[in-house]
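Heads up: the structure comes next, in structure tokens.
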Amino acid sequence: MPKTAATLPPAADPSRWKALVFIALAQLMVVLDATIVNIALPSAQTDLGISDGNRQWVITAYALAFGGLLLFGGRIADKWGRRNAFVVGLIGFALASALGGAANGEAMMLGARALQGAFGALLAPAALSLLAVMFTDAKERAKAFGIYGAIAGGGGAVGLILGGVLTEYLNWRWTFYVNIPFAIVAAVGAWMVIREPTGSRNRAPLDIPGVLLSTLGLVALVYGFTRAESEGWTDVVTLVMFAAAVLLLAGFVLVEALVKSPLLPLRVLLERNRGGVYLSLGLAVIAMFGLFLFLTYYLQVVKGFSPVKTGFAFLPMIAGMITGSTQIGARLMTRVPPRLLMGPGFLVAAAGMLMLTQLEVGSSYATLILPAQLLLGLGMGTAFMPAMSLSTHGVDPADAGVASAMVNTSQQVGGAIGTALLNTIAASATTAYLADHAAEAAAGGPAAQLVQAQAMVEGYSSAIWWAVGILAASAAIAVTLINTGRPGAGGPVASGSPEDAEFKVPVIAH
């Protein structure tokens with residue numbers, strides 16, 4: 001079928017590769033911030049006099065604002081312009097980071113973290129949707145998303161290294177201040193080189209009921225899982241949060257089906273390829289967050305690693321993710337269907353996770369943890385790259401921001417679930433082990449310390465078994481739901497996508 005003017009891809013932006021540098025830099029900053037503060041939290045808590053009961057809010061305030069406002073941020077980017085949203089998000093994130101670094105008390109710190117989350121929710125979907133509308137050639141798009149996927153997957157581990165170095169050799173405040181140069185360089189560069197394709201904005205009026213219902217529903221959901229980790233699954237407030245989340249999000253779906261200009265058009269969710277990406281990626285992130293949590297504690301508490309040494313211990317995973325994204329995923333994406341990268345990628349990651357179920361107090365880093373991390377990194381990197389690209393596959397350019405926001409939302413909710421669910425499983429297994437070895441634990445001395453360490457490792461191992469199953473489920477969902485062919489080939493085509501299933505952005509008249 002001959003291509004018409006309405007379906008021909010727009011001319012490639014000559015500055016797209018320069019733009020990728022600044023988009024990747026901003027993405028690295030956001031992903032770093034998710035883990036860098038974890039390393040600095042004990043020092044910050046002591047300096048600012050934050051109570052043990054409130055210290056979780058340093059993490060939770062960011063997670064709630066970020067997770068709750070992502071869909072709103074994605075639609076603002078569609079409506080206001082992705083470059084504008086990107087630059088404002090960067091400037092706001094830098095100012096909030098400066099506020100956090102200068103915090104003189106608990107209230108100032110928590111306010112700064114909430115502001116970081118809010119501006120991050122504007123920045124993250126704008127970054128991903130800029131890639132979607134600027135890279136229209138299939139091979140170039142694969143390379144661009146390979147780089148982006150490597151950063152999205154490996155940035156959290158880089159945050160552990162950087163957080164350890166800054167906290168150990170400078171001061172915890174630098175884990176906030178380090179964001180400022182990142183943001184300034186990315187904002188100036190983006191303003192100079194990014195030019196959005198014409199006609200890609202969504203001029204429809206904002207869906208205020210949808211904004212309120214989605215934001216409150218996501219906040220309730222994330223907070224429910226966060227509270228479950230600390231207070232238990234049967235806590236009254238935890239149950240109320242889950243019930244509120246179900247009601248609010250059900251109301252949101254109903255509103256989106258009825259209003260003329262929905263915040264999240266249901267077509268974005270219901271197209272099977274994008275739906276498969278959101279679901280499989282969200283599940284995979286549950287497993288990944290559990291791994292970061294347990295390996296960090298294992299290396300520091302059981303093996304006695306310093307924060308810096310712990311951070312560097314994650315380098316094999318970073319190397320694996322970069323290799324999987326840029327050398328395997330990007331090279332094969334234009335040759336094989338995405339499901340044949342995502343499914344096997346998640347299974348390779350599951351094999352790495354399976355190795356870690358064999359963790360013992362005396363396990364060798366070189367012979368167990370290092371190869372397991374390499375497998376995890378290779379598998380997740382290979383799967384993340386096509387997942388990031390498919391998240392906006394076939395979507396109307398005017399919906400690119402909110403489609404991108406759904407990827408971040410699935411990751412954020414997956415992270416909250418992973419931390420709460422797997423930590424609860426680990427804690428239960430640890431408690432059961434201690435109950436079975438109560439006499440040894442009560443004896444005191446080295447024997448009791450060994451039992452405590454063995455109990456912790458037993459907990460980690462039990463939770464990691466669940467993570468193996470979750471990654472296997474991710475692989476099954478990816479292979480079952482994602483049925484689009486490779487870019488440039490025939491095959492099932494997403495509704496609203498160009499006729500030949502290539503990753504091209506149709507020109508939409510507004």
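Remark: the backbone N or O of Ala284 is paired with a side-chain donor or acceptor of Ser474 at under 3.5 angstrom. In this structure a side-chain-to-backbone donor-acceptor pair under 3.5 Å is missing from Arg339 to Ala478. Judged by distance alone, with hydrogens and angles left aside, the side-chain atoms of Glu256 form a donor-acceptor pair with the main-chain N or O of Leu264 at under 3.5 Å. Between the Arg82 side chain and the Ala126 main chain, no donor and acceptor come within less than 3.5 Å of each other. A distance-only check finds a donor-acceptor pair linking the side chain of Arg83 to the backbone of Trp191 [under 3.5 Å]. Of the possible donor and acceptor atoms, none in the side chain of Thr238 sits under 3.5 Å from a partner among the backbone N and O of Thr234. A donor-acceptor contact shorter than 3.5 Å is absent between the side chain of Arg227 and the backbone of Leu239.
The structure places OG of Ser214 at 4.5 Å from CZ of Phe252, a figure rounded to the nearest 0.5 Å. Summarising the geometry, atom CG belonging to Leu123 is positioned 10.5 Å from atom CG belonging to Leu70; distances are rounded to the nearest 0.5 Å. The CG atom of Asn84 sits 10.0 Å away from the CG atom of Leu122 when rounded to the nearest 0.5 Å. The CD1 atom of Ile184 sits 6.5 Å away from the CD1 atom of Ile180 when rounded to the nearest 0.5 Å. For the atom pair CG of Leu376 and CE of Met288, the computed distance is 6.0 Å after rounding to the nearest 0.5 Å.
In terms of heavy atoms, Met380 sits closest to Met321 at CB-CE, 4.0 Å. Heavy atoms only, all atoms of each residue included: Leu249 and Leu218 are closest at CD2-N, 4.1 Å. The nearest pair of heavy atoms linking Ser97 to Asn179 is OG-ND2, 3.1 Å. Taking both residues in full, the closest heavy atoms of Phe182 and Leu28 are given as CE2-CD2, 3.9 Å, listed atom of the first, atom of the second, then distance. Contact record, Met29 with Leu90: CE-CD2, 3.7 Å, taken as the closest heavy-atom pair. Here the closest non-hydrogen pair linking Trp80 and Val88 is CH2-CG2, 3.5 Å.
Taking the six-membered ring where the residue is Trp, Phe93 and Tyr62 present perpendicular rings, their angle passing 60° and hence far from 30°.
Counted within 6.0 Å of CE on Met192, heavy atoms from surrounding residues, nucleotides or ligands total 12 or fewer; the atom is thus considered open.
Residues Val58 and Leu110 form a side-chain contact, since some pair of their non-hydrogen atoms from C-beta on lies under 4.5 Å apart. At a threshold of 4.5 Å between non-hydrogen side-chain atoms, the residues Asn273 and Leu481 do not count as touching.
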